Amino acid sequence: MEFISIGYDFHHNRNFQISRPQGLNYYLFLIIRSNAYYLDGCDKKFLHQKSIIFFDKGTPQFFGAIDDDYTNDWISFSLNKDEDLLFRSSGITSNKFYNIPSFCFFEDIINLMSDEFRLNNTNSYNSLLSDLLTAFLKKYMEISLPDNSKLLYYNKLTTIRHMIYSFPTGKYTIESLAHKSNLSISHFSHLYKQYFNTTPMSDVILSRIQYAKQLLNCKRQMIRTVNVRTKKGCHSASPNPCVYLVESYCSMAAILFSVEYVYFQTAIPDNHKFLNYLLLLFQLSNTIL
């Protein structure tokens, strides 16, 4: 994650206006404290004080002042490919203005973020800024999901999803995850898909792939260590069918597999689990070779 800029309590005169037909190539949270207008297609609409919007990348932006004192706050940031995929599957509502019922919370968060951003004078990854943005996002989701029952389930499932990505080597099954949410398997799976546009076990696989990438980016980690930590090894009798599958599927992954088997004497997995293992190697091949 890279923070582009963060602004708190910026004031402008009546002539202030923003016209971005092509939008931005990064994400933008905007809070407008004063009365303002925005263009919705060809229609000019008016905003009450304390409104918030999340602009997606590439979304046209047309808004401006209607009073002598226009005031706003903002957070702009960009994400890498993996973070972007996860963020887009979170179900966040974009390009729509909402009134802010609990303005003090947002004001305090942006004030803290602005101070931290200014003092460190950097747009590189910052754990405190990332944590503050997470709190900001959760509060924004409460506004964009006004149904209390939906919000209750969303908070539960967000906590479970955070656990999956925070502890990728955990022994997760659809049954155990549904049990943690106090929902039936079918209800849990349906809500998870609805909120995050993916399945729980797809997130489990993706979290392990990301974790393996992190290990492989550290030059001191051997391929054997990655295999052990991601728990992809398992025993079988004959390597021949597996070797054939590797060579027919992806030559780069086959090289990786051969190196690991010959030099580290890793046991050959059975065909079913081997295909999952091969998928991991295929995803990682560009990272290693």
Side-chain angles (χ1 to χ4, degrees), residues 1-12 18 23-34 49-57 59 61 63 71-146 150-168 195-196 203 206-207 210-211 214:
M1 174 181 292
E2 176 182 346
F3 288 92
I4 310 300
S5 65
I6 301 174
Y8 170 74
D9 196 26
F10 269 66
H11 293 255
H12 308 272
I18 290 294
L24 300 168
N25 61 354
Y26 47 81
Y27 296 112
L28 173 67
F29 270 109
L30 174 69
I31 291 180
I32 299 179
R33 295 169 175 252
S34 55
Q49 297 178 3
K50 302 175 183 177
S51 298
I52 186 171
I53 187 171
F54 171 66
F55 282 113
D56 200 353
K57 294 184 291 186
T59 301
Q61 301 174 11
F63 56 91
T71 311
N72 65 1
D73 313 299
W74 72 88
I75 304 169
S76 58
F77 60 96
S78 62
L79 304 172
N80 63 35
K81 185 177 179 180
D82 290 335
E83 292 170 337
D84 198 59
L85 179 64
L86 182 61
F87 184 74
R88 285 186 172 278
S89 66
S90 66
I92 188 170
T93 305
S94 60
N95 311 321
K96 181 178 180 180
F97 279 99
Y98 293 96
N99 292 328
I100 303 177
S102 52
F103 181 72
C104 289
F105 177 87
F106 288 99
E107 183 179 36
D108 290 343
I109 290 289
I110 293 186
N111 190 12
L112 289 171
M113 293 184 70
S114 177
D115 287 344
E116 176 67 15
F117 184 81
R118 185 178 66 255
L119 290 174
N120 283 277
N121 193 29
T122 178
N123 57 5
S124 60
Y125 177 77
N126 181 302
S127 59
L128 177 57
L129 286 178
S130 180
D131 290 343
L132 289 171
L133 180 61
T134 299
F136 186 97
L137 283 169
K138 287 184 177 180
K139 201 67 175 180
Y140 174 79
M141 294 299 291
E142 292 181 14
I143 297 174
S144 59
L145 288 173
K150 289 183 179 179
L151 179 61
L152 173 63
Y153 291 134
Y154 178 82
N155 287 338
K156 283 185 177 180
L157 269 61
T158 298
T159 300
I160 290 174
R161 198 179 197 210
H162 182 266
M163 175 190 69
I164 290 172
Y165 280 90
S166 298
F167 306 98
Y195 288 140
F196 308 126
D203 268 343
L206 181 59
S207 71
Q210 291 180 358
Y211 178 58
Q214 293 173 9

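Bear in mind the structure is a predicted one, so any value in this text is a computation, not a measurement.
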Student: Any idea which heavy atoms bring Ser51 and Asn99 closest together, and the distance?
Tutor: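 What the structure gives for the nearest pair is OG-OD1, 3.7 Å.
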Student: Quick check: do Glu116 and Leu128 have side-chain heavy atoms less than 4.5 Å from each other?
Tutor: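 The answer is yes; the side chains approach within 4.5 Å.
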Student: Do any N or O atoms from the side chain of Ser114 and from the backbone of Asn111 form a donor-acceptor pair under 3.5 angstrom?
Tutor: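 Judged by distance alone, no pair lies under 3.5 Å.
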Student: Under the ring pair (Phe, Tyr, Trp, His ring centres under 6.0 Å) rule, collect the residues that match up with Phe10, sequence neighbours excluded.
Tutor: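 Applying ring pair (Phe, Tyr, Trp, His ring centres under 6.0 Å) to Phe10 gives Trp74.
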Student: Evaluate whether atom NE2 of His11 has more than 12 neighbouring non-hydrogen atoms of other residues, nucleotides or ligands under 6.0 angstrom away.
Tutor: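 Counting other residues, nucleotides and ligands, NE2 of His11 exceeds 12 neighbours.
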Student: Run the side chain to side chain contact (heavy atoms under 4.5 Å, CB included) check on Ser78 and Ile4 step by step: do they pass?
Tutor: CA-CA 7 Å; Ser78 62; Ile4 310 300; 4.0 Å; yes
Student: Does the Asp73 side chain pair with the main chain of Asp9, one donor and one acceptor, at a distance under 3.5 Å?
Tutor: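 Yes, Asp73 side chain to Asp9 backbone: donor-acceptor pair under 3.5 Å.
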Student: Does the pair Leu129 and Phe117 meet the rule for a side chain to side chain contact (heavy atoms under 4.5 Å, CB included), with working shown?
Tutor: CA-CA 8 Å; Leu129 286 178; Phe117 184 81; 4.2 Å; yes
Student: Show your working on side chain to side chain contact (heavy atoms under 4.5 Å, CB included) between Phe103 and Ile31 and close with a plain yes or no.
Tutor: CA-CA 10 Å; Phe103 181 72; Ile31 291 180; 3.8 Å; yes
Student: Rounded to the nearest 0.5 Å, what separation is found between the CG atom of Leu137 and the CG atom of Leu132?
Tutor: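 With rounding to 0.5 Å, CG (Leu137) is 11.0 Å from CG (Leu132).
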Student: If you measure from CD1 on Ile6 to CG on Leu133, what distance do you get to the nearest 0.5 Å?
Tutor: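 That separation rounds to 8.0 Å.
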Student: Would you say Tyr8 and Asn72 are linked by a side-chain donor-acceptor pair, where the criterion is simply a distance under 3.5 Å?
Tutor: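 Asn72 vs Tyr8: no donor-acceptor pair found between side chains.
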Student: Consider only side-chain N and O atoms of Ser5 and Ser76, and report whether a donor and an acceptor are under 3.5 Å apart.
Tutor: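 Ser5 vs Ser76: donor-acceptor pair found between side chains.
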Student: Checking ring-ring contact (aromatic ring centres under 6.0 Å, His included) against Tyr27, which of Phe77, Phe3, Phe55 comes through?
Tutor: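 With Tyr27 as partner, Phe77, Phe3, Phe55 yield a single ring-ring contact (aromatic ring centres under 6.0 Å, His included), made by Phe77.
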Student: Heavy-atom distance under 4.5 Å between the side chains of Leu79 and Glu2, does that happen here?
Tutor: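 With C-beta onward as the side chain, the pair stays apart.
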Student: Could you tell me which residues satisfy salt bridge (charged side-chain N to carboxylate O under 4.0 Å, His left out) with Asp115, sequence neighbours excluded, listed by chain and number?
Tutor: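 Salt bridge (charged side-chain N to carboxylate O under 4.0 Å, His left out) check on Asp115 returns Arg118.
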Student: Are Ile143 and Pro101 side-chain neighbours, meaning at least one heavy-atom pair lies under 4.5 Å?
Tutor: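 With C-beta onward as the side chain, the pair touches.
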Student: Can you measure from NZ (Lys96) to CG (Asp56) and round to the nearest 0.5 angstrom?
Tutor: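 One finds 15.5 Å between NZ of Lys96 and CG of Asp56.
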Student: With side chain to side chain contact (heavy atoms under 4.5 Å, CB included) as the test, would you mind laying out the steps for Phe54 and Leu30 before giving the verdict?
Tutor: CA-CA 6 Å; Phe54 171 66; Leu30 174 69; over 6 Å; no
Student: Return the orientation label for the Phe136 and Phe29 ring planes: parallel under 30°, perpendicular over 60°, tilted otherwise.
Tutor: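 Aromatic pair Phe136/Phe29 classed perpendicular.
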Student: Quick check: does any side chain N or O of Ser34 sit under 3.5 Å from a backbone N or O of Gln49, one acting as donor and the other as acceptor?
Tutor: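 Pair absent, no side-chain N/O of Ser34 close to backbone of Gln49.
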Student: As an exercise, state the distance from CG of Asp203 to NE2 of His162, rounded to the nearest 0.5 Å.
Tutor: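 Output value for this atom pair is 12.5 Å.
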Student: Does any non-hydrogen side-chain atom of Phe106 lie less than 4.5 Å from one of Ile52?
Tutor: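 The answer is yes; the side chains approach within 4.5 Å.
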Student: Within a strict 4.5 Å, meaning less than it, do heavy atoms of the Lys156 and Thr159 side chains meet?
Tutor: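 Not in contact.
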Student: Regarding Arg161 and the six-membered ring of Phe167, is the cationic atom NZ or CZ under 6.0 Å from the ring centre and inside 45° of its axis?
Tutor: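 No.
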Student: Would you say Lys50 has more than 12 foreign heavy atoms packed within less than 6.0 Å of its NZ?
Tutor: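 For Lys50, atom NZ is not crowded (no more than 12 foreign heavy atoms under 6.0 Å).
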Student: Rounded to the nearest 0.5 Å, what separates atom OH in Tyr98 from atom CD1 in Ile53?
Tutor: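 Nearest 0.5 Å value for the OH-CD1 distance: 9.5 Å.
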